[in-house]
Amino acid sequence: MIKISDINKIREDFYLLKNSDLTYLDNAASSLKPQQVIDALNYYNEKLGVNVHRGVYKLSYEATDLYEKARQKVADFIHCKFKEVVFTRGASSALNLVASSYGMKYINEGDEIITSELEHHSSMLPWQHVAKVKKAKLIYVPLDAEHRITIENFKKVLTHKTKVVALTHASNVMGYITPIKEIIKLAHEVGAVVSVDGAQSVPHMKVDVKELDCDFISFSGHKMCGPTGIGVLYGKYKLLQSMDPVEFGGDMIDYVYLQDVTFKDAPYKFETGTPIIAGAIGIGAAIDYLNEIGFDFIESQESKLRIYALTQLKNIEGLQLFNPNTDTGIISFNIEGVHPHDVASAFDQENVAIRAGHHCAQPLMNCLKQVATVRASFYFYNTEKDIDNLVEAIKKAKEFFDLFK
Ligand code: 7TS
């Protein structure tokens, strides 16, 4: 198990942390990738490079073995069965797959779908589309004064017409953790299924899908030390089996007739064409890496940084902090009178990388009465020095923009 004192050793695994003075605080957008993941990708691309499931030669057997072993690693990581892991292009594709397959098949006119204004567009828009096409109702959980999803408010919108609940597990703007386990229990009592957006939770905390009892959860490789272009949809096997594929073609069929077709069982019926072989091997290597670091370390490091950062940011005059009670390493703020994009450019001069914008959460920006925010987001390889650099960059930006007021 890695100790907090090993942080410098961890930073050696990341090229940019080892070789530059970058302060990287845009981890909610994408994490950096450790050498171990790059080595795994290189191994596949250089030493194998071939297709899976179809070649009758040693290289193809090895590629198939690595691809399917990666699926088992994901299954062990979130505590589900091998056949419940569908590889997708990312969290967005996974969230869309639930809506376009489960939603289009099982949602009918007058049904209710519950979501929230805290959602990333990729969690909300697929259901907005289903609701429009199927003449169903899209219902929003009222957020509380802090803009959180609460059980009390969820109960206000849950009815016997609710068929699907699509909610984020951790907000990419406010850093709040949704009380999702209790929500899932309540949703199941009325027979609704729950699609959880795990893009910001799975990389940062131990997520056990069996313990949560969620029906679906979606996440991306690139936010958890893996490569871009790979994500995961976990679905309960019975549900996956009951759903139709949305893409058709190679590798997903049992037998093709001229007017009909039979499909493979899940997960393969959802993985049309040459699968994302390098990506899957990469997410497998990322999981090995995260397991080695351990969630005890990840959670304690992020919590330490959160407390350290909030203590300082709360004391900066003219800084609007939108989530002083964030549960994770995501902090959203603005400098009064300065556009967030100008703040981001000023930070860039100091080599501090953060994100400014609406964070693909425009409804939430309306709730916050902002067009955009500045967002700093941490991962386990960040240090107090990174926070000091952020605070210094804020102070410098304020001084600079004050000249123009
Ligand atoms: N859901 C949440 C909560 C997210 O934060 C993101 C990406 C997605 C879904 C979509 O993931 P993707 O990998 O398919 O793009 N969020 C962000 C962000 O906050 N800044 O850049 C991407």
Side-chain angles (χ1 to χ4, degrees), residues 71-88 91 94-99 101-103 105-107 111-116 118-120 122-124 126-127 130 139 141 148-171 176-220 224 231-243 265-267 270 287 295 299 327-328:
R71 195 188 307 277
Q72 186 61 53
K73 286 178 189 180
V74 174
D76 295 342
F77 188 62
I78 58 171
H79 196 203
C80 69
K81 296 191 195 104
F82 175 87
K83 59 191 184 179
E84 293 175 317
V85 173
V86 182
F87 283 125
T88 67
L95 292 159
N96 271 276
L97 179 55
V98 180
S101 178
Y102 185 89
K105 185 163 181 180
Y106 293 113
I107 294 290
D111 286 347
E112 295 179 357
I113 301 163
I114 296 180
T115 188
S116 86
L118 205 57
E119 302 308 302
H120 187 282
S122 293
S123 168
M124 186 191 131
W127 294 106
V130 171
I139 313 253
V141 185
R148 279 179 192 270
I149 299 167
T150 62
I151 299 186
E152 203 188 342
N153 284 350
F154 178 73
K155 282 183 184 162
K156 289 182 191 156
V157 289
L158 184 69
T159 75
H160 284 278
K161 287 187 185 165
T162 308
K163 291 291 178 297
V164 167
V165 175
L167 290 176
T168 189
H169 194 187
S171 157
Y176 298 149
I177 309 275
T178 308
I180 202 74
K181 192 173 168 183
E182 296 86 334
I183 285 176
I184 291 166
K185 194 165 175 283
L186 291 166
H188 285 170
E189 282 169 16
V190 302
V193 304
V194 183
S195 171
V196 179
D197 179 352
Q200 299 292 350
S201 61
V202 172
H204 300 275
M205 64 182 82
K206 186 78 204 140
V207 172
D208 180 328
V209 297
K210 285 286 169 297
E211 197 210 321
L212 288 181
D213 198 25
C214 58
D215 300 290
F216 301 101
I217 194 165
S218 303
F219 54 97
S220 289
M224 48 185 276
V232 170
L233 170 65
Y234 155 79
K236 282 184 181 162
Y237 197 64
K238 246 172 92 176
L239 291 176
L240 290 178
Q241 281 295 75
S242 79
M243 288 156 52
D265 288 333
F270 299 111
I287 285 172
F295 276 105
E299 288 182 32
D327 302 316
T328 60

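Listed here is the closest heavy atom pair of Asp213 and Ile184: O-CG2, 3.3 Å. The two atoms that bring Ala199 and Ala91 nearest to each other are CB-CB, 4.0 Å, heavy atoms only. In plain terms, the two heavy atoms of Asn96 and Pro126 that are nearest each other are OD1-CG, 3.5 Å. Tyr234 and Cys80 get closest at one heavy-atom pair: CE1-CB, 3.4 Å. Heavy-atom minimum distance, Ala192 versus Val164: CB-N, 4.2 Å. What you find for Phe270 and Ser101 is that their closest heavy atoms are CE2-OG, 4.0 Å.
For the atom pair Leu186 CG and Phe154 CZ, the distance stands at 6.0 Å (nearest 0.5 Å). In this structure, CE in Met243 is found 6.5 Å from CG in Leu233, a value given to the nearest 0.5 Å. Once rounded to the nearest 0.5 Å, the distance linking CG of Leu95 with CH2 of Trp127 reads 9.5 Å. Rounded to the nearest 0.5 angstrom, Ile107 CD1 and Ile113 CD1 are separated by 4.0 Å. Atoms CD and CG, from Glu119 and Asp197 in turn, are 6.5 Å apart once rounded to the nearest 0.5 Å. One distance of note links CD1 of Ile114 with OG1 of Thr162; it measures 4.0 Å at 0.5 Å rounding.
The backbone N or O of Ala166 lies less than 3.5 Å from a partner atom in the side chain of Thr115, making a donor-acceptor pair.
Contacts of Asp265 classified as side-chain hydrogen bond (donor to acceptor under 3.5 Å, both in side chains), with partners at least two apart in sequence or in another chain: Gln241. By the side-chain hydrogen bond (donor to acceptor under 3.5 Å, both in side chains) test, Asp111 is found to be paired with no residue, residues two or more places apart in sequence or in another chain being considered. Evaluation of the side-chain hydrogen bond (donor to acceptor under 3.5 Å, both in side chains) rule for Lys181 yields Glu211 as partners, not counting sequence neighbours. Partners of Lys155 according to the salt bridge (charged side-chain N to carboxylate O under 4.0 Å, His left out) rule, which considers only residues two or more places apart in sequence or in another chain, do not exist here. Qualifying ring-ring contact (aromatic ring centres under 6.0 Å, His included) partners for Tyr237, counting only residues two or more places apart in sequence or in other chains: none. Residues satisfying the salt bridge (charged side-chain N to carboxylate O under 4.0 Å, His left out) criterion with Lys81, sequence neighbours excluded, are absent altogether.
Paired with Glu84 under the rule side chain to side chain donor-acceptor pair (under 3.5 Å), one option of Lys210, Arg71, Lys236 passes, and it is Lys210. Each of Asp327, Asn153, Thr178 was checked for a side chain to side chain donor-acceptor pair (under 3.5 Å) with Arg148, and the lone residue meeting it is Asp327. Each of Val157, Leu158, Ile183 was compared with Val141 under the side chain to side chain contact (heavy atoms under 4.5 Å, CB included) criterion, and only Val157 meets it. The side chain to side chain contact (heavy atoms under 4.5 Å, CB included) test with Ile177 is passed by exactly one of His204, Gln200, Met205: Met205.
Within the 4.5 Å cutoff, side-chain heavy atoms of Ile287 are placed close to those of Val74. With contacts defined as side-chain heavy-atom distances shorter than 4.5 Å, the pair Ile78/Phe219 qualifies. By the 4.5 Å heavy-atom criterion applied to side chains, Ile151 and Lys185 are not counted as neighbours.
Surrounding CD of Glu189 are more than 12 heavy atoms belonging to other residues, nucleotides or ligands, all under 6.0 Å away. The 12-atom threshold is exceeded at NZ of Lys105, counting heavy atoms of other residues, nucleotides or ligands nearer than 6.0 Å.
For the residue pair Tyr106 / Ser242, a side-chain donor-acceptor distance below 3.5 Å is found, with atom types taken as modelled.
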*Could you go through the side-chain contact (heavy atoms from CB on, under 4.5 Å) check for Asp215 and His188 one step at a time?*
CA-CA 10 Å; Asp215 300 290; His188 285 170; 2.8 Å; yes
*Step by step, work out the side-chain contact (heavy atoms from CB on, under 4.5 Å) result for Tyr176 and Ile149.*
CA-CA 9 Å; Tyr176 298 149; Ile149 299 167; over 6 Å; no
*Trace of the side-chain contact (heavy atoms from CB on, under 4.5 Å) decision for Phe87 with Val232*: CA-CA 5 Å; Phe87 283 125; Val232 170; 4.3 Å; yes
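Stacking of Lys206 on the aromatic ring of Phe77 is recorded, both the 6.0 Å distance cut-off and the 45° axial limit being met.
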